[in-house]
Amino acid sequence: MSRYEPSLTEPKWQAAWDAAHVFRAHHDPQRPKYYVLEMFPYPSGRIHMGHVRNYTMGDVVARYKSSCGFSVLHPMGWDAFGMPAENAAMERGGHPKEWTYGNIADMRAQMKPLGLSIDWSREFATCDPEYYGQQQAMFIDMMEKGLVYRKAAVVNWDPVDMTVLANEQVIDGKGWRSGAPVERRELTQWFFRISDYAEDLLEALDGLKDWPEKVRLMQANWIGKSRGLQFAFETVGAPAGHERLEVYTTRPDTLLGASFAAIAPDHPLAKALEATNPAVAAFIAECRKGGTSEEAIETAEKIGFDTGIRVKHPLDPTWELPVWIANFILMDYGTGAIFGCPAHDQRDLDFARKYGLAVTDCFLPAEGGEPVGKTAFVPMKSERVRWLKAYAWPELATGEEAIAAAIAHAEAKGYGRGVTNFRLRDWGISRQRYWGCPIPVIHCATCGVVAERKENLPVRLPDDVTFDQPGNPLDRHPTWRDCTCPTCGAKARRETDTMDTFVDSSWYYARFTAPRAATPTDAAECDYWMNVDQYIGGVEHAILHLLYSRFFARAMHATGHLPAKAIEPFNALFTQGMVTHEIYMTRDAQGRPVYHLPEEVENGALKATGQTVDIIPSAKMSKSKKNVVDPVSIVTTFGADTARWFILSDSPPERDVEWTASGAEAAFKHLSRVWRLAYEVDTRGAGDATQDMALLKAMHRTIADVTAGIEGFAFNKAVAALYAFANAVQKSDASAGAKRQAMLTMAQLMSPMTPHLAEDIWAMLGGAGLVAQAAWPKADPAMLVEDSVTLPIQINGKRRAEITVPKTMPQAEVEKLVLADETVVKVLAGGTPKKLIVVPGRIVNVVI
RNA sequence: GCCCGCGUGGUGGAACGGUAGACACAGGGGACUUAAAAUCCCUAGCCGCACGGCGUGCCGGUUCAAAUCCGGCCGCGGGCACCA
């Protein structure tokens with residue numbers, strides 16, 4: 001073989017790695033372990049470049065750590081439950097189970113040629129009964145610990161299809177299939193008590209030093225701890241039982257600017273009025289239109305209804321405020337009731353202007369300032385302002401000071417108390433769908449809601465279900481619901497809700513440490529392998545998946561399934577950027593968007609029909625938008641190493657990368673060149689031993705740069721250093737021995753990124769064994785030292801000249817040289833500089 | 001609407017507050033070849049013949065020195081609890 005031929009060598013090396021069980025994770029107490037995990041994929045059926053990017057990054061880390069002497073765990077599995085399988089069954093027939101396992105087989109077959117260093121012996125899918133049965137066992141344990149409960153919660157209801165919709169299935173307030181306006185409807189649902197852990201989940205963020213700051217910030221904001229005042233208004237004209245209206249406010253300092261009280265449409269008082277007052281009922285029905293997402297609620301037009309009820313102001317019982325029902329008040333936050341201070345809250349101001357309610361300024365800027373007009377005055381709470389409506393603090397005070405004083409005042413006078421609130425709500429896990437983990441609970445007429453016996457687990461999904469109509473197939477299955485009560489033995493009915501798929505992905509990392517254990521986890525294996533040392537995945541999971549996992553690890557610890565050290569399961573987190581691509585869209589007869597895969601499109605039109613497509617600028621690659629690129633064709637054309645090299649080049653890992661086809665060929669060319677450099681080690685050039693030192697210095701420089709690049713998750717910089725090193729080898733006329741040494745090191749440094757090519761070169765140049773098992777090279781510090789340094793000379797911050805001086809030259813000597821420099825002499829024209837700044841080894845700035 | 005990011009040549013990007021544009025892609029020129037492919041060499045931010053000037057989304061500030069720090073805008077992206 002005289003040229004780079006990945007189609008021949010890549011399968012060969014993959015077979016060699018398999019035969020030697022190179023990637024099998026060993027519980028070896030003699031060695032330090034390293035657990036690297038990439039967020040496992042949903043088995044859509046096709047891998048895309050986002051997967052390639054994610055798994056290649058993880059693979060670089062896994063292979064690098066392995067060569068540094070760690071016992072590495074690098075597993076792979078499938079996040080296999082979820083809606084797409086049911087949608088496929090509805091659209092194309094077939095069964096979610098067959099669809100899912102077929103997709104898994106396809107995707108595994110697409111992933112294997114990438115040459116990832118994965119321990120495939122630990123593979124599992126969350127839809128395996130062996131997995132979800134253990135999840136059911138933990139659910140039962142958590143029930144016993146009081147971490148699970150039921151309550152009413154709102155869902156998106158499609159009144160035509162008579163089914164619950166996911167937020168994703170609500171488009172512009174309408175059902176995606178029926179097109180009918182969606183309503184908010186209450187159902188009894190299962191919840192995890194994540195809010196019990198709100199404080200802990202917030203405080204523990206500080207300890208996650210190796211998580212991106214932005215993720216910790218997002219989680220902190222999501223948990224949303226706030227300090228405020230809770231107090232009760234005395235009502236006038238309210239139905240019996242509603243003599244008091246509890247409200248929560250984070251701005252009690254604006255109490256004298258109150259102009260109305262507002263309650264959520266789901267507030268008990270609103271419901272009481274709804275029952276007797278048709279006008280209220282009509283208004284609330286209006287509020288229930290549209291989806292349940294916070295986005296839908298926040299962006300909907302703000303509407304209100306004056307109930308006619310009034311409340312007495314706590315600071316002045318003669319002052320009465322009207323009580324409105326408003327669609328932007330959330331029942332889930334605080335008490336579901338607020339008072340509005342329009343002058344200092346934009347939303348309240350818009351509402352007040354719309355309905356002609358009073359606007360009273362509480363404070364103005366410390367200097368000057370005018371009464372509020374169209375824009376509410378909302379300064380930072382730390383800003384000092386001039387108070388017009390202070391009632392327990394000085395005229396000049398910050399918001400923070402005023403809030404503290406207002407709470408103290410309320411507590412002293414006894415009309416309210418300081419309260420800490422969280423935005424975080426309990427985690428609703430009920431799904432009225434088939435393809436999920438059944439909630440292992442039985443409804444008995446006499447015993448109530450009872451957990452299934454553990455020996456009856458897993459509660460398996462029935463296979464004989466149909467998807468010819470909307471709704472939950474478990475609900476309409478003829479026999480599956482029938483069972484006997486575990487407590488009294490009477491006839492009973494099984495719970496037909498299944499679990500949110502976020503539950504499945506909240507503990508898979510722990511299961512990988514003992515994937516075949518007969519209990520959810522195995523203590524010894526957990527103890528050795530936990531925590532995940534490096535977790536890698538998309539930023540889109542920054543809040544929900546990661547927060548749920550952090551909660552679940554705590555719940556698993558509380559139920560004895562994880563050691564205390566694992567309550568924060570991910571030591572380090574890296575959030576990769578997304579792979580983006582253009583989106584191709586047409587519209588169907590109803591004007592709804594239809595998306596098309598890149599390979600279905602040619603020259604701006606559908607290949608099949610010639611219909612013109614709209615090209616929407618690059619966005620995240622997603623199944624629903626179908627803007628996915630198929631890596632398989634890249635691999636078959638150029639080989640896995642080219643795909644891997646390309647995806648690591650150029651773009652920093654945390655940033656989005658737009659996929660362009662043009663780069664793949666260039667990557668292939670470079671790998672071919674490197675192969676050729678190794679092949680021609682003995683034959684290329686005359687060989688001049690006086691150049692050896694320069695080449696070896698470049699080699700050590702590269703070792704240092706590549707190591708730093710990998711350690712610092714800057715793979716693009718590691719790649720750049722390897723490009724530079726290839727250039728250096730190519731230009732060098734060093735002796736054959738030095739070049740051989742350089743290329744062996746090149747193979748080692750490239751092996752985490754292009755493992756097959758590295759084995760090619762390693763074998764060609766007589767390296768011992770597999771490069772995959774060779775120890776990582778170390779840079780010799782002595783070889784990194786430069787004797788002289790070039791200093792740019794700035795004059796007033798602009799670069800005008802430079803001098804080259806010995807690295808060790810004392811500062812005074814450097815200054816002397818600078819002042820003697822031709823350019824500097826000319827500019828100074830006999831005068832002396834105002835200032836001379838010498839940053840050793842860096843720069844000189846002459847200020848004149 | 002709310003929370004969080006990002007913005008540097010034609011393109012992807014590099015740059016402990018210290019020479020802006022490393023390393024690449026695309027481009028231009030050349031060598032080799034009957035020719036092409038492949039490969040190799042040179043070139044290259046923008047304006048200008050040049051001296052030089054201008055340049056990191058926009059405006060302002062801090063500093064001897066700002067892509068980097070601070071304030072205010074604009075644009076793009078992610079998340080918003082039932083997409084995964």
Side-chain angles (χ1 to χ4, degrees), chain A residues 3 39 41-42 44 79 81-84 155-156 164-170 189 194 212-215 217-222 224 291-300 302 328 332 346-347 423-433 500-502 504-505 538-545 547-548 575 577-578 580 617-620 622-624 649-652 654-658 660 662-663 665-667 669-670 672-673 676 714 716-717 719-724 727 730 790-794 796-802 833-837 839 841-847:
Chain A
R3 65 192 173 92
M39 291 180 185
Y42 179 80
S44 60
D79 189 13
F81 275 135
M83 290 200 308
V155 295
N156 301 303
V164 177
L165 298 178
N167 285 336
E168 187 195 46
Q169 298 170 321
V170 179
Q189 315 230 51
I194 189 172
E213 184 60 38
K214 65 174 173 183
V215 173
L217 233 188
M218 279 191 268
Q219 292 216 352
N221 289 339
W222 186 262
T292 60
S293 73
E294 189 172 314
E295 184 188 6
I297 292 165
E298 291 274 331
T299 54
K302 313 281 177 281
F328 57 90
D332 289 313
Q346 190 61 44
R347 205 166 48 178
R423 204 186 76 98
L424 181 68
R425 310 199 292 256
D426 276 334
W427 176 10
I429 59 155
S430 281
R431 298 292 180 271
Q432 294 71 39
R433 278 184 255 287
D500 179 6
T501 56
F502 273 124
D504 312 337
S505 56
V539 244
E540 65 270 28
H541 296 293
I543 297 176
L544 293 180
H545 161 63
L547 191 62
Y548 290 150
T575 54
M578 288 169 297
T580 64
S618 273
K620 158 182 154 175
S622 76
K623 292 180 292 294
S624 58
S649 308
D650 295 347
S651 276
E654 69 276 12
R655 215 184 288 184
D656 291 354
V657 58
E658 173 159 12
T660 60
S662 68
E665 191 158 348
K669 280 184 188 175
H670 178 72
S672 301
R673 181 166 71 122
R676 217 163 39 243
N716 56 323
K717 287 191 244 172
V719 167
L722 287 163
Y723 266 108
N727 292 342
Q730 183 157 334
T790 300
L791 296 178
I793 300 176
Q794 292 183 332
N796 287 343
K798 284 204 191 294
R799 182 178 167 279
R800 296 295 164 177
E802 61 180 37
K834 275 191 206 152
K835 213 171 186 181
L836 185 59
I837 295 153
V839 183
R842 275 282 167 195
I843 202 166
V844 179
N845 195 3
V846 185
V847 185

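Only a predicted model underlies this, so the values are computations on that prediction, with no experimental measurement involved. Side-chain atoms are counted along with the backbone in the values below, which use heavy atoms only and exclude waters and symmetry mates. Throughout, a chain's letter reflects where its sequence line sits, starting with A, and its residues are numbered from 1.
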N/O contacts under 3.5 Å, protein versus nucleotides 63-71 of chain B?
unit_1	atom_1	unit_2	atom_2	d
B/C64	O2'	A/N845	ND2	3.2
B/C64	O2	A/N845	ND2	2.6

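- For a distance-only test at 3.5 Å, the side chain of A/E294 fails to qualify as a donor-acceptor partner of the base of B/C80.
- Look at CD on A/E295: it is 14 Å from C1' on B/G77, rounded to the nearest Å.
- Residue contacts for A/Q189: at a heavy-atom cut-off of 4.0 Å it reaches a base atom on one of the strands shown.
- In the set B/A81, B/C82, B/A84, B/A81 carries the atom at the smallest distance from any side-chain atom of A/S293.
- Among the protein residues, A/F328 comes within range of no part of the nucleic acid, since none of its heavy atoms lies under 4.0 Å from any strand.
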Could you go through the side chain to side chain contact (heavy atoms under 4.5 Å, CB included) check for A/I429 and A/F502 one step at a time?
CA-CA 8 Å; A/I429 59 155; A/F502 273 124; over 6 Å; no
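- A/R800 comes within 4.0 angstrom of the backbone, heavy atoms only, and of no base.
- Nearest-nucleotide positions on RNA chain B for A/P41 and A/E654 put A/E654 closer to the 5' end.
- B/G5 atom C1' lies 7 Å from atom CE of A/M218, rounded to whole Å.
- Glycosidic torsion of B/G9 falls within 90° of 0, placing the base in syn.
- Nearest heavy atoms, A/M39 versus A/G538: SD-N, 3.8 Å.
- Residues A/E802 and A/P792 come closest through the heavy atom pair CB-CA, 4.0 Å.
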Contacts under 3.5 Å, N or O only, protein and nucleotides 40-45 of chain B:
unit_1	atom_1	unit_2	atom_2	d
B/C40	OP1	A/Q730	NE2	3.3

Just to be sure I follow the notation: if a pair is Watson-Crick (purine N1 to pyrimidine N3 plus N6-O4 or O6-N4) or a G-U wobble (N1-O2 and O6-N3), each under 3.5 Å, what dot-bracket string does RNA chain B give, with | for pairs to another strand?
(((((((..(((.....[....))).(((((.......))))).(((....)))..(((((..]....))))))))))))....
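- When the P atom is compared between B/U19 and B/C73, the two are found 31 Å apart, to the nearest whole Å.
- In this structure A/D504 satisfies the salt bridge (Lys or Arg N to Asp or Glu O under 4.0 Å) test with no other residue, sequence neighbours excluded.
- B/U63 and B/A15: their P atoms are spaced 28 Å apart (whole Å).
- Nearest nucleotide to the A/E298 side chain, out of B/C82, B/C4, B/G1: B/G1.
- Annotation for A/P212 and A/T575: closest pair CG-OG1, 3.9 Å, computed over non-hydrogen atoms.
- A straight line from CH2 of A/W427 to P of B/C82 spans 10 Å, rounded to a whole angstrom.
- Heavy atoms only, all atoms of each residue included: A/V846 and A/P833 are closest at CG1-CB, 3.7 Å.
- Going from the C1' atom of B/C80 to that of B/A14 covers 35 Å, rounded to whole Å.
- The shortest non-hydrogen separation linking A/N156 to A/G291 is OD1-CA, 3.2 Å.
- Considering only side-chain atoms of A/R655, the nucleotide from B/A14, B/C4, B/C82 that sits closest is B/A14.
- To the nearest whole angstrom, the two C1' atoms, one in B/C23 and one in B/G72, are 36 Å apart.
- No salt bridge links A/E654 with A/K214; every basic N to acidic carboxylate O contact stays at or beyond 4.0 Å.
- Using a 4.0 Å heavy-atom cutoff across all strands shown, A/D332 reaches no nucleic acid atom at all.
- Residue A/S505 is classed as having no contact, given no heavy-atom separation below 4.0 Å to the nucleic acid.
- Of the C1' atoms belonging to B/G17 and B/A65, the separation is 8 Å, rounded to the nearest Å.
- Applying the 4.0 Å criterion to OP1 and OP2 of B/G13, one finds that A/S651 has a side-chain N or O inside that range.
- The residue A/G428 sits close only to the backbone: its heavy atoms come under 4.0 Å of sugar-phosphate atoms, none of a base.
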Derivation of the side chain to side chain contact (heavy atoms under 4.5 Å, CB included) call for A/W222 and A/R423
CA-CA 7 Å; A/W222 186 262; A/R423 204 186 76 98; 2.8 Å; yes
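- Listed by chain and number, the residues in a salt bridge (Lys or Arg N to Asp or Glu O under 4.0 Å) with A/R433 amount to none (sequence neighbours excluded).
- Within the nucleic acid shown, A/V155 comes within 4.0 Å of at least one base atom, counting heavy atoms only.
- Looking at heavy atoms from C-beta onward, A/I793 lies out of side-chain contact with A/R800 at the 4.5 angstrom threshold.
- Checking B/C82, B/A81, B/G78 against every side-chain atom of A/E540, the shortest atom distance belongs to B/G78.
- To the nearest whole angstrom, the two P atoms, one in B/G75 and one in B/G28, are 37 Å apart.
- Nearest nucleotide to the A/L424 side chain, out of B/C54, B/C82, B/A81: B/A81.
- Distance from the side chain of A/N167 is smallest for B/C83 among the nucleotides B/G1, B/C83, B/A14.
- The side chain of A/W222 sits closest to B/A81 out of B/G5, B/A22, B/A81.
- Here B/A81 presents its P atom at 11 Å from CZ of A/R431, a figure rounded to the nearest Å.
- A/D426 places a side-chain N or O within 3.5 Å of a backbone atom of A/I194 that can act as its donor or acceptor partner.
- A/H545 comes within contact range of no nucleotide atom at all, as no heavy-atom separation falls under 4.0 Å.
- Here the separation of B/U8 from B/U56, taken at their C1' atoms, is 4 Å to the nearest Å.
- The two residues A/E295 and A/T299 have their closest heavy-atom pair at O-OG1, 2.6 Å.
- Residue A/N716 has no polar side-chain atom (N or O) positioned under 4.0 Å from OP1 or OP2 of B/G13.
- Taking for each of A/K798 and A/K302 the nucleotide of RNA chain B with the nearest heavy atom, the 5'-most of the two is the partner of A/K302.
- For A/V164, the side-chain atoms get nearest to B/C82 when compared with the rest of B/C83, B/A24, B/C82.
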Assess the residue pair A/R655 and A/D650 against the criterion (side chain to side chain contact (heavy atoms under 4.5 Å, CB included)); give the C-alpha distance rounded to whole Å, side-chain angles, the decisive distance to 0.1 Å, and a yes or no.
CA-CA 10 Å; A/R655 215 184 288 184; A/D650 295 347; over 6 Å; no
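- Between A/Y723 and A/H670, the ring planes lie tilted relative to each other; the angle falls in the 30° to 60° range.
- Nucleotides B/C4 and B/G10 are separated by 33 Å at their P atoms, to the nearest Å.
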Mind listing the N/O atom pairs, protein and nucleotides 25-33 of chain B, below 3.5 Å?
none

Determine whether A/T501 and A/Y42 satisfy the following criterion, side chain to side chain contact (heavy atoms under 4.5 Å, CB included), listing intermediate values before the conclusion.
CA-CA 11 Å; A/T501 56; A/Y42 179 80; over 6 Å; no
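- Among the nucleotides B/A14, B/C82, B/A84, the one closest to the side chain of A/Y42 is B/A84.
- Proximity of A/Q730 to A/R676: side-chain heavy atoms (C-beta onward) are nowhere separated by under 4.5 Å.
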